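Here's the structure, in structure tokens; my notes come after.
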Amino acid sequence: MAEDGSYRVGVDIGGTFVDCVVLDADGHIASVAKSPNTPEDQSLGVMGALEAAADNLGVALRTLLSSTTGFIHGCTVGTNALLERKGAKTGLITTSGFEDTIFIGRVMQKRAGLMAEEVAHQSRLFKAEPPVVPHALIRGVAERVDAIGEVLCPLDEAGVATAVAELVDQEGAESLAISYLWSFIRPEHEQRTRQIIAQAYPNLYVASSHEVAPVLGEYERTVSAVLTAYLGPAVARYAQRLEERLSESGLSSGLLMMTCRGGLTSVDDACQNPLLTLDSGPVGGAIGGSLFSANYGEDNLICVDMGGTSFDVSLVLKGELVLETIPVVDKYTFYCPKVAIKSIGAGGGSIVSVDATGVPKVGPESAGARPGPAAYGLGGAEPTVTDVDLVLGYLNPDQVLGGKISLDKSKADKAVGRVGQEVGMTTEEMAIGAFTIVNARMADMISKLTIESGHDPREFSLLAYGGASGVHIPFLAQDLHVKSLYVPDASSVFSALGMVRGDVIHTLEHSFIAIAPFTPKERSALNGLIADLEKRVMQQFIEEGWAQDQVRISRSLFMKYRLQVHELPLAIGEQVSEEDVAALQARFEAQYEDIYGQGTGFSQVGVEVVKIRVDGNASPAAPPMGQATEQPVADATAALKGVRDAYFPSLGRFVPAEVYDGGKLRNGNVLKGPCIIERTGDTIVIPNGAQGEVDAYGTIRLDL
Amino acid sequence: MAVDAITLQVLRHRLQAINDEQIGVTVRTSGSPTVYEAFDVNSSIITPKGEALAVGHYVMALSLSFDVTVKYVLERFAENPGIYDGDIFYTNDPWAGATHQNDTVMVAPIFWEDDIVAWTGISLHEMDVGGPLAGGYGAQAVDIYGEAPLIPPVKVVERGVVRNDIEEAIVRNSRTPAFNGLDMRGRLAAINRTRTRMHEIIRQYGKDTFMEVQDQILDLAQEAFARRLRELPDGTWRQEGYLDYKRLYRVRLVATKKDDRLTLDFRESSNQAPAMVNATRSLLEGCAIAAILTEVCYDLPWAPAAFFRNIEVLSKPATIVHALHPAGVGQGATAVGALAQSLVSTAISKMFAATETYKEEAQANWVPSTKRPVVSGLNRRGETYAITLIDEAGGGGALSFRDGPDSVHLPGGPMMALGNIEVYERLYPVLYLYRKHTSDTGGPGKFRGGLGTEQALTPHRGKSRMQLLNLAGCSAYPEARGLYGGLPAPAQPSFLLRGSDVYEQMASGSYPSGYEQIGFRSDRVIKSREVIRLSSGDIYVAVQTGGAGYGDPLERDPSRVLADYLSEACSLEACSAAYGVVIDPESGTINVAETDAVRDSMRRERLPVTSTGVATNGNGETPILSLGDAVSMMPHNGVPAWHCQRCHHNLGPASEDFRKLGHMREVPIDSYSRWNVFGWVDLFILREVSCPNCGLLLDVQSRRKTDPTMYDSVDWEKAAAGR
Amino acid sequence: MVMDTITREIIRNALDTAALEMTVSMERTSRSPIANECRDFSTAILDGQSRAIAQGLGSPVLMAAIKHSVKAILDEFPGDVNPGDLFINNDPYSGGSHLGDTTIAAPVFHDGELVFIVSVRSHLPDGTGGGARPGGMYPAAIEIFEEGVRYPPFKLYHGGQLKQDRFDWVVRNTRFKAWTVGDISAMIASCHVAETRIRGLIEKYGIDALKEASKYALDYAEKLFAAEVESWPDGTYTGVAYMDSDGFYEWDLKIQADITIAGGTLIIDFSGTDAQTTGFANSGLGNSLSYAFLALSSVLDEAIPKNDGIFRPVQMILPEGTLVNPSDASPTGFCTLHPGAEIAQAVTLALSQALPEKVGHPWDTRVTGVISGTDPRSGDRYVALPFVTMHAGPGGTQGMDGWGGGSGMRGGMAYTTAEMHEVQYPHRVEQREFMTDSCGPGKWRGGPGTRTIIKILEHTALVNYMVWGGKYPAPPLCGGVQGIPNEAEFFYSGDRTEHLGGGESIERWLNDKEGFQTTRGGGGGWGDPLDRDPAMVREDVLDEYLSIEGARRDYGVVVDPKTIQVDEQATADLRKAVREVAVPAGAATEEPSS
């Protein structure tokens with residue numbers, strides 16, 4: 001035990017549990033703990049999980065915290081505040097004539113974020129309700145800038161003052177957003193408005209669109225500003241409270257917040273940019289995935305998380321997480337680069353039923369945690385994927401979940417059997433069918449995501465985590481023909497683990513529009529811009545106390561065919577040389593055709609650069625993973641704990657499968673399918689024909 | 001050989017995923033804001049026989065006639081020039097499966113060894129495909145030749161090789177050749193993906209399974225659709241809509257549902273127009289099925305060919321819904337097509353409303369027509385531009401239990417989006433003064449239709465005057481049909497303000513954020529599909545109408561009316577004129593006493609002069625069947641009769657359409673919305689049918705004065721018995 | 001290989017004959033009256049480098065356009081022109097003129113080598129494809145997209161097979177499918193005729209002999225041409241012509257040709273020409289070159305073969321962005337008439353300074369239009385180019401008066417007769433006659449103008465009509481005087497009329513018995529009218545080309561109205577008096593007041 005200190009602690013708030021992971025100085029997992037979520041005050045749940053983790057370690061919480069050198073936290077305060085409409089009462093000041101922008105929502109607000117099945121149902125398409133900002137809290141003021149940044153109508157400062165007074169004094173706004181047309185190229189009106197607000201209400205939370213999202217597109221930019229104002233106070237309040245509690249309990253190190261951008265940031269930054277915290281939870285897993293990618297030399301990795309209600313997929317491409325620039329949360333689209341995570345309703349709780357054409361289907365409805373799967377015996381009558389897994393022998397019918405819920409296989413049999421009857425199938429046939437369908441849906445999702453981003457799943461390995469992954473992913477990985485499949489240790493707290501090993505990331509982007517090849521003048525302007533952005537990124541790290549040599553800088557040029565809008569990033573060095581310029585178009589076109597296929601390029605229109613991005617990364621922990629301490633042993637007999645009949649599709653029948661105790665597996669153990677590994681938090685099924693190998697970190701790699 | 005249900009489900013989903021993927025790739029590679037910003041695109045997978053197996057959720061009509069394209073290619077080109085693996089055909093010919101000339105289609109056979117195992121196709125709206133009027137449509141055309149040129153299916157990729165000469169010949173007819181070329185290449189990439197993905201399926205499951213799955217998808221979808229149709233009452237529903245293009249045309253739908261068959265008879269529609277607004281027969285079918293997909297088949301696999309097995313569309317050649325070459329069809333999709341779709345929608349809603357299971361699916365009409373400026377000229381760099389600005393949104397229709405959604409896509413394009421104002425201002429020499437929801441655009445009702453938008457633009461920094469086609473319909477009369485006493489959404493006028501003072505106003509620090517704040521030299525109403533030229537400072541104002549209402553507006557909860565007033569959904573005048581709710585604007589409260597009095601008097605006005613105040617009866621009986629909140633069918637001693645739901649007055653025998661039993665009166669169209677005062681106020685009339693006893697509004701039809709009221713014929717007793 | 005001149009001449013003439021056979025084949029097999037009646041097409045045999053070796057009869061204004069269209073084909077298919085290919089091209093921006101004229105070209109291979117290209121260029125009945133108005137001429141156009149479909153070079157045949165999809169495309173956009181299919185088939189057949197003929201020659205003489213003869217034909221023409229130019233006086237001569245309008249809103253558009261003759265070389269420079277314009281009166285490169293060469297070749301010795309050889313010693317300067325070489329996508333629908341005419345005029349006016357004895361009629365200006373409707377007799381749709389109204393009076397030449405009723409277009413075009421017009425279209429030609437006092441006076445006078453009246457019968461027709469040469473009629477030469485200008489008048493029911501002057505275009509729906517009258521002005525005169533032989537003036541009076549007042553006014557010739565004899569003395573006196581106060585003629589070359 002590292003009495004002398006230096007733990008790193010990660011706490012991730014999930015839907016039902018708060019997960020906590022403690023790493024020791026060597027980067028090994030020292031303690032894992034879960035504690036119920038406390039939605040009213042999430043900081044209480046955090047403290048609960050910390051207590052439990054300290055218990056596991058056998059130390060007092062104060063001891064744990066005082067020897068903690070890094071505390072990383074992923075919270076759902078922002079997400080919850082948005083979903084439950086419990087953010088600050090927010091007012092919006094915008095260009096007169098455009099007050100309804102967030103209501104019109106580019107029309108697509110009715111279906112943003114919905115699944116295809118839902119989009120099809122026209123009579124049930126409605127807007128985000130209730131709106132984050134109601135009609136009464138929006139004020140238009142006279143001002144107008146045009147597309148080339150010229151002021152057509154000066155800002156009506158008196159009008160601003162009146163609007164602010166009305167919003168705050170009459171309507172009771174607790175927070176204000178400002179969004180004017182074209183503010184991202186000419187921010188003076190927004191800046192001046194902020195000054196006017198500050199004079200009258202110095203302590204009011206204010207978000208300006210040009211600061212939050214200096215990007216073209218008034219709808220998304222306005223939403224970004226509005227959501228920032230709506231969530232900022234809540235996130236700030238929470239962070240402040242948590243910091244207080246932690247510091248009272250002995251934490252001396254700083255607190256870092258998990259961001260949806262795929263890295264960590266300071267509490268101050270998260271409070272100013274609360275959008276960074278939206279949906280940041282699943283990103284922890286993706287970060288874990290990117291670190292995993294580096295540690296295992298797997299450049300291209302599909303990270304999948306199958307939990308109780310949803311199946312989340314993210315990609316690591318050439319070691320980098322893939323970002324989406326316009327994410328959707330609760331029907332609002334906004335600008336905030338976020339790790340691209342796509343979800344479908346396929347998890348342990350997904351319900352098995354028969355669709356309108358008489359064909360079995362799985363999901364998207366979920367039984368959730370309550371009533372949960374039929375086997376839980378909590379009143380759920382609908383069969384779920386968990387029930388199916390139980391019927392097929394993958395899950396141990398005698399296990400007790402979370403120390404509370406015991407599984408009842410007979411209830412699962414009955415529920416699955418009932419749906420089977422509707423379509424003339426036996427219980428087992430129905431279970432096999434549902435298992436196939438849910439796996440296929442997940443496989444389709446993976447294909448779609450990789451293909452739409454221009455890649456072939458066969459170039460990837462899979463990393464599977466989350467409670468239900470170990471049962472399903474090995475089978476669908478066989479169908480996808482991925483290179484190999486990894487199931488990490490502590491897969492059920494992988495997100496917390498990911499964030500505790502994550503980097504601090506700061507990113508700056510700047511538009512830079514030029515047609516390739518550049519003129520010498522453009523090249524020197526570009527190099528100047530890169531240097532400037534680097535300087536500013538570095539400055540932020542230095543302000544946060546990092547040393548310059550701890551920060552790694554990378555630079556990307558975003559290029560596209562002229563006329564297109566979707567661009568591809570090309571990595572570049574510190575400075576762009578003349579040779580680089582000459583090679584740029586060819587590099588872009590090679591990458592483009594690599595993605596979209598031969599003959600799809602369109603050289604005639606030319607290629608242009610649209611923006612540059614500079615990313616700075618700093619790794620708080622070194623090394624990210626501990627060293628192997630054991631000699632590898634192939635024989636896993638020591639962990640064998642029994643035999644259970646389970647169904648293996650390629651054999652077409654139930655066969656006795658060896659069951660291993662995951663906790664007793666050791667470095668180098670080789671497991672031949674068909675067999676089952678039961679671990680705390682998850683179960684892994686190794687199909688026949690596949691083979692698993694355990695490594696020093698408890699990761700099981702499957703060769704399929 | 002039957003494929004098991006599980007494999008079927010797996011592959012059905014996979015085909016849908018493949019279809020979605022190809023749209024995804026298309027959108028990502030396109031440079032046109034119409035595609036990447038507004039998603040005017042769709043794709044479909046077709047069986048080797050030309051049956052539509054899967055269709056995307058974007059602008060649906062775009063890809064609902066690929067079967068026609070495929071059949072054209074199979075029939076004409078099998079021998080010469082031949083159909084080979086790796087071929088892709090390109091067309092924009094509305095008689096060969098395109099919706100109108102701007103919607104260019106690419107279809108490709110998918111081969112496995114020597115056989116075609118499927119077809120795939122992607123269609124999208126190009127900004128310009130040539131022709132006399134930039135941006136397409138050809139509003140001044142006298143025939144199809146004056147519209148954008150037709151490209152019947154031509155092989156643009158042969159055995160995987162792009163035929164550069166054909167590609168060049170296609171794009172050189174466009175004012176935006178680079179964009180069109182890019183869109184062609186993007187779709188090539190998408191189709192290549194689809195081919196690879198289908199080959200994967202065949203490798204994994206075998207060709208026989210792949211082919212069998214296609215049949216089963218269709219069979220099962222058909223069976224499910226047939227089951228649903230059987231749940232609906234048998235009968236005949238009649239509806240008719242109008243279309244204004246230089247003169248007034250009619251589209252009439254007689255929808256007959258019997259057992260599991262649905263017949264959509266459009267034969268009584270007007271003769272074809274010389275140009276622009278007509279639909280081809282395939283477009284008519286596409287628009288009809290688009291309504292069926294989103295409103296009846298929302299939870300079924302979208303395999304259009306399956307549903308057509310139970311649907312018959314009847315039309316007469318050389319009518320506006322079944323145009324023959326060389327009548328122009330440049331705007332077919334959003335003119336006659338959209339109108340036909342809204343008529344089908346009304347018929348379906350009336351069937352749904354009569355059932356317990358589906359009554360909450362019944363929805364009044366959504367916005368039935370576009371209001372888009374097609375602009376062209378020289379931009380600030382002196383380059384030619386031409387674009388249909390998808391910048392407007394109409395409202396959704398009300399349901400039996402809630403208001404319609406504000407600012408929606410056109411029905412049938414759920415994945416569409418509006419462009420950001422900034423995107424349009426950046427790409428085109430245009431300045432928008434405002435874009436906002438506009439009051440009184442939703443059709444009044446117990447539940448009102450959603451609101452439409454109003455926007456105003458002026459040319460800004462262009463190097464030429466701006467040519468603008470007002471791509472609009474229903475400019476002078478209300479079209480979107482309400483249900484069970486709900487009023488139609490009002491007309492949607494457009495205005496031209498010459499020589500405005502907006503620049504001066506702005507320079508002096510005040511901002512003209514509404515029509516009423518703009519000063520001008522002259523103003524006038526712009527007709528549907530009129531072409532105008534604008535100089536900077538001339539303003540084009542477009543009002544897009546909302547959705548129609550559901551139920552008698554006087555039954556609307558006054559507090560909802562007040563909320564509408566406070567949120568500017570309803571003007572003070574309309575609160576009182578349409579809803580009979582009197583609001584004190586000073587305090588922002590309802591004057592309850594006056595409201596009651598006004599509502600009473602409004603109901604009285606609806607009563608026949610000789611109203612005898614017939615005693616109510618039937619109270620306490622359990623209705624056999626109800627239609628909206630309007631009428632209920634009561635057993636009435638074995639002779640079922642319609643009763644008013646409000647006062648239980650016995651209207652008459654259920655063997656009659658209740659519309660014939662109530663009291664009818666004619667009301668001017670300008671009585672309920674400030675948008676109905678432009679244009680054909682004297683030509684149109686609202687026909688209101690009310691309970692002769694209490695004045696509950698049962699049905700409203702917006703009709704040309706000389707046209708008959710439309711009635712349905714349904715054997716309600718049988719319908720009730722069948723429930 | 002050395003070959004005797006006789007054989008070379010035989011082969012050269014055989015190729016000329018083959019080109020002529022193409023014409024005959026075209027005339028016999030084409031369907032539309034534009035082709036089979038009026039020969040608005042051109043045929044050519046070109047060598048493998050797209051140099052025209054031989055040309056058939058037809059419309060010579062297609063001469064350079066055919067060559068440049070073929071060249072564009074070769075440029076667009078580098079290394080991809082193969083036996084069995086057949087190309088189509090109508091794009092003004094791929095060497096053409098206006099969309100109405102379509103080039104069909106087929107390569108002829110021998111032992112894998114491209115040795116010849118046979119080609120036909122013809123005006124298809126509805127343009128090649130549609131456009132806003134029937135016939136493809138649309139004065140309201142401001143972009144080429146409004147004028148019809150562009151078919152830049154692509155292969156209609158590939159590997160010997162007609163590609164059905166491509167052929168379908170081409171005929172899909174025309175209002176007159178049967179005519180268009182017929183004409184394109186005739187063009188293809190015509191190419192086959194030439195190819196067969198060439199193959200026969202190759203068989204008979206061997207490919208080397210044909211190549212040698214082709215080279216000889218070009219060299220021969222070049223040599224003769226250079227020799228002729230050599231004989232011309234060196235110097236720089238400027239010709240300026242004006243076009244009434246561009247059909248849209250620009251007026252008085254200038255075409256300027258500066259011709260420099262130096263030894264055996266010639267430079268024709270159009271740099272002084274106005275910038276391209278908004279309306280449909282821009283000239284595609286092929287068209288400009290055609291007109292320039294046409295004007296040039298009309299002063300050449302008849303013995304000089306009109307093949308590519310004569311192009312060689314000439315340097316043409318046609319700056320891009322001008323009326324004679326517009327940038328992509330400008331409309332060019334009118335160019336084969338205007339500014340084609342003005343290009344020829346400018347060149348002729350420049351040459352008239354160097355070669356006054358050789359120049360003649362400098363090209364006439366047009367009243368033209370398109371009538372379309374549905375023929376009540378058959379129920380078929382028709383489009384009529386009213387060639388029947390188009391007889392103009394060509395200008396005078398040294399030694400010869402302009403003869404009446406000319407086509408105005410040099411070469412083999414022919415105009416429809418009134419009877420044929422009435423057979424073909426539901427119209428009545430009510431009047432069609434020379435007009436007295438319409439000729440441009442000169443020592444050699446211009447030909448008389450024509451007045452024609454057409455009435456629409458028992459249907460409603462859409463008439464698009466354009467009058468050019470109202471403000472700037474065909475210029476006179478060498479001191480001659482211009483003829484009367486062009487104009488038109490529409491007659492509507494209720495005795496309402498509407499006048500159409502120079503540079504104006506209208507679109508009207510005409511009903512039964514409504515119609516229009518066109519006045520095609522007379523040709524310009526050559527030389528001072530006072531030098532005209534009074535006896536010839538008297539002849540003109542007798543022929544009613546000239547009134548007695550006109551003879552006096554324009555020629556200073558006094559004719560006795562009773563005897564119709566020239567009063568010699570009065571004439572001499574009058575001419576003397578007039579000469580003393582005379583202002584030199586040639587006003588049309590003065591700067592216009594705009």
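Small disclaimer: the values here were computed from a predicted structure and weren't measured.
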Query raised in the report: Can you list the steps and then say if A:Asp355 with B:Arg12 is a salt bridge (Lys or Arg N to Asp or Glu O under 4.0 Å)?
Result: CA-CA 13 Å; A:Asp355 74 11; B:Arg12 185 162 79 186; 2.4 Å; yes
Report task. Tell me, for B:Leu8 versus chain A, whether the close heavy atoms (under 4.5 Å) come from the side chain, the backbone, both or neither. Result -> side chain
Query raised in the report: Passes side chain to side chain contact (heavy atoms under 4.5 Å, CB included), A:Glu150 versus B:Arg461? Steps please.
Result: CA-CA 11 Å; A:Glu150 240 172 70; B:Arg461 296 191 193 283; 2.9 Å; yes
Query raised in the report: A:Asp146 versus B:Leu431: any side-chain heavy-atom pair under 4.5 Å?
Result: yes
Query raised in the report: Is it true that B:Glu425 and A:Arg144 make a salt bridge, defined as a side-chain N closer than 4.0 Å to a carboxylate O?
Result: yes
Query raised in the report: Non-hydrogen atoms of chain A under 4.5 Å away: do they reach the side chain of B:Pro411, the backbone, both or neither?
Result: both
Query - chain B contact via A:Lys127 - which portion, at a heavy-atom distance below 4.5 Å - result: side chain
Query - Part of B:Arg187 lying under 4.5 Å from any heavy atom of chain A - result: neither
Report summary line: Turns out that what part of B:Thr453 lies under 4.5 Å from chain A's heavy atoms comes down to side chain
**Report entry** B:Gln16 versus chain A, the contacting section by heavy-atom distance below 4.5 Å
**Finding:** neither
Query - Heavy-atom proximity to chain A below 4.5 Å, by part of B:Asp403 - result: backbone
Requested in this report: Measure the shortest side-chain to side-chain distance between B:His13 and A:Met445 over non-hydrogen atoms and say whether it is less than 4.5 angstrom.
Outcome: no
Query raised in the report: Is it true that the NZ or CZ of A:Arg111 lies under 6.0 Å from the centre of B:Phe39's six-membered ring and within 45 degrees of the ring axis?
Result: yes
Query raised in the report: Considering only heavy atoms from C-beta outward, does the side chain of A:His481 approach that of B:Glu200 to under 4.5 Å?
Result: no
Query raised in the report: Checking B:Gln9 against chain A: side chain, backbone, both or neither under 4.5 Å from a heavy atom?
Result: both
Query - Check against side chain to side chain contact (heavy atoms under 4.5 Å, CB included), B:Val10 and A:Thr436 - result: CA-CA 8 Å; B:Val10 167; A:Thr436 310; 4.0 Å; yes
Report task. Kindly indicate whether the side chain of A:Glu220, heavy atoms from C-beta on, has any atom under 4.5 Å from the side chain of B:Asn420. Result -> yes
Query raised in the report: Between A:His121 and B:Glu361, is a side-chain hydrogen bond (donor to acceptor under 3.5 Å, both in side chains) present by the stated rule, with each step listed?
Result: CA-CA 9 Å; A:His121 199 167; B:Glu361 293 295 333; 2.9 Å; yes
Query - chain A contact via B:Gln222 - which portion, at a heavy-atom distance below 4.5 Å - result: neither
Query raised in the report: For A:Ile148, is it the side chain, the backbone, both, or neither that has a heavy atom closer than 4.5 Å to a heavy atom of chain B?
Result: side chain
Query raised in the report: So what's closer than 4.5 Å to chain B heavy atoms on A:Glu218: side chain, backbone, both or neither?
Result: both
Query - Interface moiety of A:Met425 toward chain B, non-hydrogen atoms closer than 4.5 Å - result: side chain
Report task. Pick one of side chain, backbone, both or neither for A:Gln109, based on which atoms fall under 4.5 Å of a heavy atom in chain B. Result -> neither
Report task. Counting only heavy atoms closer than 4.5 Å, note whether B:Leu427 contacts chain A via side chain, backbone, both or neither. Result -> neither
Requested in this report: Before giving the answer on side chain to side chain contact (heavy atoms under 4.5 Å, CB included), spell out for A:Trp182 and B:Glu422 the whole-Å C-alpha distance, their side-chain angles and the decisive distance to 0.1 Å.
Outcome: CA-CA 7 Å; A:Trp182 297 107; B:Glu422 286 178 351; 3.8 Å; yes
Query raised in the report: Do side-chain atoms of B:Arg227 reach the backbone of A:Ala356 as a donor and acceptor pair under 3.5 angstrom?
Result: yes
Query raised in the report: What pair of heavy atoms forms the shortest contact from B:Lys436 to A:Gly97, and how long is it?
Result: CB-O, 4.2 Å
Report task. Below 4.5 Å from any heavy atom of chain B, which atoms of A:Phe184 appear? Answer side chain, backbone, both or neither. Result -> side chain
